[in-house]
Structures are given as structure tokens and as C-alpha cells.
Number of protein chains: 2
Amino acid sequence: MRDVFHEQLDSVFGDLATICGEVEQAVRLATEALLTGDAEIAERVISADVEIDRARERVEETAFELLSLQQPVAGDLRVVVATLRMVTELERMGDLSVHVAKIARLRTPFVAVPDEVRPTVSRMAEVAEEMVSKVSRIITGRDVQAAIALGRADEEMDRLRRTSFAELLADDWTHGVEAAVDVALLGRYYERIADHAVSVANRVVFVVTGENPRAVGA
Amino acid sequence: MRDVFHEQLDSVFGDLATICGEVEQAVRLATEALLTGDAEIAERVISADVEIDRARERVEETAFELLSLQQPVAGDLRVVVATLRMVTELERMGDLSVHVAKIARLRTPFVAVPDEVRPTVSRMAEVAEEMVSKVSRIITGRDVQAAIALGRADEEMDRLRRTSFAELLADDWTHGVEAAVDVALLGRYYERIADHAVSVANRVVFVVTGENPRAVGA
């Protein structure tokens, strides 16, 4: 039987997985708004972000209660602090989805992403969304092996970012400066979502094993 | 006389101020590298970042010790957690300076910032550096009024970012896509440094007053 501390911690972990699901939805809808120029979907992402912020506050309050009332030490203490960090990163991933949605909204009814660079940007968005989706399952299942694997998936994002730069800096780029700047910033936002996903996954490794990913063979 | 907990907390605060000084130097040198195209200075910023990372680890260890050994509750507990967050944000500001330095290095011996947009980018860099410098003094002096004022200074950065977009999207922009993308990303990095500076200042308000800035009239 688990003690009160670990039961409460399980409950916080459930909340983290729920928030991660909301972030996944935000990334997916922001991308849909971006690739279709749909202002209404963009607005939905922007206004839904307040829910993620509130959920973050609730997790923080619970984590503080755990620290105050259970006074965990050593490993348990680090787990609670890791939880506080994970929720901050999840919130940030929500903010980055809002940035994507805002670029979509700014260009509507047109589409911010020119056709030539659409496969690269779509794939970036897909990689980001897949990574967030994996993080949800990693949190729920405390899946250390999947978390370690996620750290490596980040490489595709780096490659896509380089490809997108090559495309928009090519001599035959005819879409001008505005579209290029949009694509560069979009690349940055998706890359940061991926970075945070890796970071959250690494913290799950730490929470489960008490070790950083490097120490467990990642 | 202060108790052990508060003495140790003072010491951690001193470390935060030191790290903030290192970040200030990183922002200043990265900007110098950027505006002169000096690869050697860019390298210095990039290689010095490991010191900021190490200092962050030390502050984290001390904060964990405070949590483990002193088992603070309520307000004191929130102060330690706020400290952990401040150090994470300071480290991130260091990373963003490295991003600026890397753009400088990528374009050397040329200068990434074209002459027309140089006043705007220089001023952005100046505002970011001034904000980091103010945060150092805010941490050292636990200066709540200065911290609240800093939250408002952020507006100039927003205005500069809009100006830079107007400049690089103007019809008479002759520097092509690459320079425009560099300037857009640089704007993003300086803006994020400013955001983190405001956030660190807000946490100082919280640490000193136990209230968030909004509650104390910010």
C-alpha cells in the first residue's frame, strides 16, 4: 500500500498528464489554424490558454501542500520540485502554441506558410505534436524507456529547422520577407515546444529512477 | 538577529545576484559581438555559459539543502521555491545571450544587423542589458519599488520589436531575407531576455512582500 505522500503525488501526476493533453490539443489546433488560415480556431487556442494557466496554478498549490504538510526530504523532495518544473514547462508549451495561433490570426484569411515550405512546417508541427502526445503517455505510464527515446527524437526537429532555413534563404524564394520571418519564428516556436517536451520527459526519468537520463544510459 | 534559515537564504540571494551579473556580462558581450562581427567575443559568451549553468546547479543544491534541513513551511517555503525559479530563469537568459552570440558568429566577419535597423536592434539590446542590470540591483537590495517599475519598462521592448518588424517589412528593405530573419530572431531573443528579467523582478517582489506584484499595486 502506498503512503499518503505517494498517493497525493500520483494525483498530481494525473493532473500533469491532463495538462499535457490540453497542450497537445493546443499544438494541434494552432497548427490547424496556421495551415488553413482559420481565425476562429486560432481564437479558440488563444482563449483556451487560460485553462492551462489555471491548471498550472492548481498543480502548484497541491505541490506546495505536499511540501508543507508532508515535509518530504531527499528523493521525495526532488520529485515534488521536479513536478513544479514540469508544470511550468507545460504552461510554457501552451504559450508557444498561442504564439503559433497568433501568427495564424495575423495572416488570416490568408495562410502564413507558403506552399513550398508547407511540407517542412507541417512536419515540424507534426513532430512537436507527436512529442507532446508521447510526453502525455510517458507521464501517465512513468515510462522511462520512452522518455529516453524521446530525447533522441529531437534530432528530426533540428534537421527540419535547418531545412526550413535552406528553403526560405534559397534564390528562388518568391514570398518575400514577411513570409520568411513568419516561417523562421514558427520554426523557433515548434523547436521550443520540442525542447520543453524533451525536458519534461527527462524529468519523468528523474522522478521514476532518481537519476538524470545520462546516468541511466540515455 | 536572523535565524539560520534566513541567513542561508541571504547567502543564496547573494549567489543569485552574482549569476545575474554574469548574465548581464553575457548580454553585453553578445551584443558587442553582434554589432561588431567579432567572432572571438562571440566565442567567449558561448564558452562562458557553462559557468552560469554550474552556478545554477550550486544554487539549486543549496536550495534543496534549505528545504531538506530547515523544512520551511508557508511563506518561507514559497521563498525557496521562488529562488529555484529565479535561478532557472537567469540560466535561460544566459542561453538566450548565447543564441545572440551564435548569430553573430554565423555572420562574422560581416555584421548580421544592417545599418538601417541598427539603431532599433542596439536599443533593444540596451533595454535588455539595462533590465538585467536593474534586476541585479533589485536582487541585492530586495528593492520592491524598482521591481514593480521594471515590469512597466517592458513596454519599450514591445514598441521596439514592432518598430523592427516595420523596418524589415518596409518596401525599401534591400538586405534580403537572411538579414530580415536574423533581425526577427534577435528581436525575439532580446524580448525573451526582457520577459525573464520582469519575471525575476516579480519573484523578488513576492519573496520580499509575500504578495504578487499585482497585489502590491503594480
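Excluded from the calculations below are hydrogen atoms, water molecules and symmetry mates; all remaining heavy atoms, backbone and side chain alike, are included. Naming convention: chains lettered A, B, ... in sequence-line order (proteins, then strands); numbering from 1 in each chain.
Across every non-hydrogen atom of A/L77 and B/F64, the tightest pair is CD2-O, 3.8 Å. Pairing each heavy atom of B/T88 with each of A/R85, the nearest pair is OG1-NH2, 4.0 Å. The two residues B/L185 and A/A184 have their closest heavy-atom pair at CD2-O, 4.1 Å. Shown here for A/V181 and B/L168, the closest heavy-atom pair between the two residues is CG2-CD1, 3.7 Å. Of all the heavy atoms in B/A180 and A/V177, the pair that sits closest is CB-CG1, 3.4 Å.
Interface remark: A/V81 contributes side-chain atoms only to the contact with chain B (heavy atom separation under 4.5 Å). At a 4.5 Å heavy-atom cutoff, the contact between A/H99 and chain B is made by side-chain atoms alone.
Residues B/V73 and A/L69 are not in side-chain contact: their nearest non-hydrogen atoms beyond the backbone lie 4.5 Å or more apart.
Distance CH2/B/W173 to CD/A/E178: 14.0 Å, rounded to 0.5 Å.
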Evaluate B/E60 against A/R78 for salt bridge (charged side-chain N to carboxylate O under 4.0 Å, His left out), listing each step before the verdict. CA-CA 10 Å; B/E60 282 182 359; A/R78 284 172 193 269; over 6 Å; no

